[in-house]
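Have a look at the structure below, then the notes.
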Amino acid sequence: MFKEFEPRALEILAKMSLREKIGQLNQAVMPYDEASMKAFKDRLRRGEVGSIILSTSATAGNDEQKAVVVEMLNDLQRVSVEEGPQGIPLLFGRDVIHGHHTVLPIPLASACSFDPELCREAYRTVALDATSEGTNWTFSPMMDVCRDPRWGRIIEGYGEDPYLAGRMAAATVKGFQGDDLSDPDSMLACAKHYLGYGFSEGGRDYNRTEISDYTVQNVVLAPFREAVKAGVGTVMSSFNDISGEPVTSSKKYLTDILRGQLGFEGFVISDWFSVQQLIRQGIAEEYEDCAHLSINAGLDMDMADEHYSRFLEGDVLAGRVSEETIDRAVLRVICVKLAKGLFEKPYAVSKSVDRKEFVRVAERLAADSMILVKNENNTLPFPKKTSVALTGPYTFERRGLQGGWALDGYLGASTPNMEEAMREIVEGEGGGRLMCTGGRMNDDSNYIFSHSDHIVLALGESYEDTGEARSLSDISLPKAQIEMARKAKMSGKKTVGVIFCGRPVALEEIEPYLDAILIAWHGGTRAAHAAVRTVFGDYTPSGKAAVTFVRRTGHIPLYYGITCSGREVNGYYGEGASNCYTDCPASPLYPFGYGLSYTSFEYSAPTAERDEIELDALKAGEKLRFAVKVKNTGERAGKEVVQLYIRDLKASMMRPLRELKAFKKEELAPGEEREFVFEIGYESLGFYLPDGTYTVEPGRFEIYLGDRSTTTNKVDITVK
Ligand code: BGC
């Protein structure tokens, strides 16, 4: 996809001086003040900059950022194209993580929609929104598989499962990059953080990781494989080391695996100052050492710390880096710029966008991402024509709804809060009555509880407790919220807790006080409308947990794709004397894949078209077909996510008790029964050996078809 541009890139390369080549490998920080702008333009004239990052701080997701101004970007582009030595256009990179002005739910929430197509559609709108203002490269999607919700950055990824993460990563890449990357509306995507950052020890950000080659191959790499297949143009290397090997300077990860095994053709950019970070990591002693260690490993572009521009020329002269290595990296960068169409259309054309459509898609995705985890005695949906008490810290909150990494999200009326959404939907449309308080303690919530028929508690965690460098040692809800729920329970009124969060918060303590619980996540611009319309029945919930909900923080790590212990099953799939904690159950509060609806679905026993197959036939492309009938047994239409898991019962390496291999999300009318058919083949029944060889081993497999990871609805097959 990118290599096809090489002949033209070679012609450009042939005219470049060493300094100009190194310039292409340098991503500089945007100078926003007049004083430095003049000197910066001179750098562009000398060809010292290949890309600009539109951010000014190390943790862009947490800090106020300057707005993107299209005229400013076009002015810099003009200098580069018209006055730069070879007229090579710039790439403007920004963290457009889950939205630009219209903000989608955090990626972890989107994964709970189990709807890659909707995700692709939603990210297309983000590309339209951001490119119309000049950003042509986003540092998204983040696809770090994460099994430790203490890590603040769990919000940015797709949860604990490699298969789901791969499907969502590919969909997001396709959404950003569109059908034709050279289209000015398409945005170059960046698969990050390569590799293993989601395994930061203890959930502490920037920490070391300890990951075996076996887990790298089968879990951590999986979404990157899919992103590469989907044509992602760039990859960002991660801050962490893997078992003592910093990724920034690792030939094994950046070249042998990424290029050799995955066949990635685009270019690799470092993370913010991660080249220089090699000193702290104890791999480089002096500043002079960081650049050559990184580029020789396969890191093409240096983000922000200017080590490449300061040291690479000297490295080439001293023979520490060959000019071929520089050329290879420059070729990759130029090929991506050519593929992006920047040589033909370097300038952004600001255009008006159909924000109403963006908002509609954002609300659909937000609604489909929400998970109903508890609904005792069909508490929900509430009738609209009723009196409702609304309180809790998210009653008037706006910014928090958007979640972390929303650099450019419109606030004010563009992000309605819960009180506004309820006034519109409950009072305006439904003729109900709303009473609300701000959710402080010692407020009059007791009064409104006793004077209303239904209670909505808008609870959750602050977006400030999520994102980069925002890890927590305790992921339960604040005590004041638990106390508020207790008071609501004492009032005897039907109570729903709508939980706005960035991670799967631990709900063990609050759960008994709530009749219904809707996980609304940090759902973006339309979070409040999506939540209120769900609570009052305009939407039927259909989200499923993309990550396990532990009971309490001490359960971490807990994930469904575990192997069987030498005793029983580690507690995930049922309690057993030898597997439990002695102070609490070991099973999750809500397992991976779980989520309720306002209707109910009945599953038939699954069937297999055949119960055995020859390995050679599988290899030759034959598929196995499995079917399950699902019936909507309730009185409402509802979407169900039918999930297919496998278990390889005996193999040369221990295999997980369940592995998600396929899913389908479809709507069923009341009373409707539909057969869901899945075809799986060679690519689904095997695994990677630690050296990266893919293998399918003969033997028995269990095939599970159900509504969550802990389903027992299965059929067996044999590979001979
Ligand atoms: C983060 C990246 C981000 C980059 C640029 C880093 O601190 O780890 O995810 O893209 O900053 O803002």
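Remember, predicted model here, so these are calculated numbers, not experimental data. In listed order, ligands and their atoms are each counted from 1.
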Could you tell me whether some N/O pair between [X] and ligand 1 is separated by less than 3.5 angstrom?
{"X": "Trp272", "result": "no"}
{"X": "Glu468", "result": "yes"}
{"X": "Ala58", "result": "yes"}

State plainly whether the residues [X] and [Y] are in salt-bridge range, i.e. N to O under 4.0 Å.
{"X": "Glu226", "Y": "Arg167", "result": "no"}
{"X": "Lys41", "Y": "Asp75", "result": "yes"}
{"X": "Arg208", "Y": "Glu201", "result": "yes"}

* Hey, is Met236 one of the residues with a heavy atom under 4.0 angstrom from ligand 1? ->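 Distance cut 4.0 Å: Met236 passes for ligand 1.
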* Determine whether any heavy atom of Ile53 lies closer than 4.0 Å to an atom of ligand 1. =>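 Contact check Ile53 vs ligand 1: positive.
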[X] heavy atoms, cut-off 4.0 Å: which ligand 1 atoms fall inside?
{"X": "Phe239", "value": "6 (C), 7 (O), 8 (O)"}
{"X": "Ala60", "value": "12 (O)"}
{"X": "Lys192", "value": "2 (C), 3 (C), 9 (O), 10 (O)"}
{"X": "His193", "value": "2 (C), 8 (O), 9 (O)"}

* May I ask you to identify the nearest protein heavy atom to atom 12 (O) of ligand 1, giving residue, atom name and distance to one decimal place in Å? =>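 Protein heavy atom with the smallest distance to atom 12 (O) of ligand 1: Asp95 OD2, 2.5 Å.
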* Taking atom CD1 of Ile52 and atom CZ of Arg94, what is their separation to the nearest 0.5 Å? ->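 Separation between the atoms: 13.0 Å.
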Using heavy atoms and a threshold below 4.0 Å, how should the contact between [X] and ligand 1 be classified: side chain, backbone, both, or neither?
{"X": "Gln27", "value": "neither"}
{"X": "Thr59", "value": "neither"}
{"X": "Met142", "value": "neither"}

* Asked: Should the ring pair His307 and Phe311 be called parallel, tilted or perpendicular, given that the plane angle runs from 0 to 90° and is split at 30 and 60?
  ->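 Aromatic pair His307/Phe311 classed tilted.
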* To do: Please indicate whether Asp33 has more than 12 foreign heavy atoms, meaning atoms of other residues, nucleotides or ligands, lying under 6.0 Å from its CG.
  =>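 Yes, because the 6.0 Å sphere around CG of Asp33 holds more than 12 heavy atoms from other groups.
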* **Any donor-acceptor N or O pair under 3.5 Å, side chains Thr102, Arg355** =>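 Side chains of Thr102 and Arg355: pair found under 3.5 Å.
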* Trp272, Trp151, Phe273, Phe239 screened by ring pair (Phe, Tyr, Trp, His ring centres under 6.0 Å) with Tyr206, the one that passes ->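 Checked Trp272, Trp151, Phe273, Phe239 against Tyr206; only one passes ring pair (Phe, Tyr, Trp, His ring centres under 6.0 Å): Phe239.
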* Hey, looking at atom 4 (C) of ligand 1, which of Asp144, Asp205, Asp271 has the closest heavy atom? ->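 Looking at heavy atoms only, the winner is Asp271.
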* Residue among Leu299, Val321, Leu278 satisfying side-chain contact (heavy atoms from CB on, under 4.5 Å) with Leu293 ->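 Of Leu299, Val321, Leu278, side-chain contact (heavy atoms from CB on, under 4.5 Å) with Leu293 is met by Leu278 alone.
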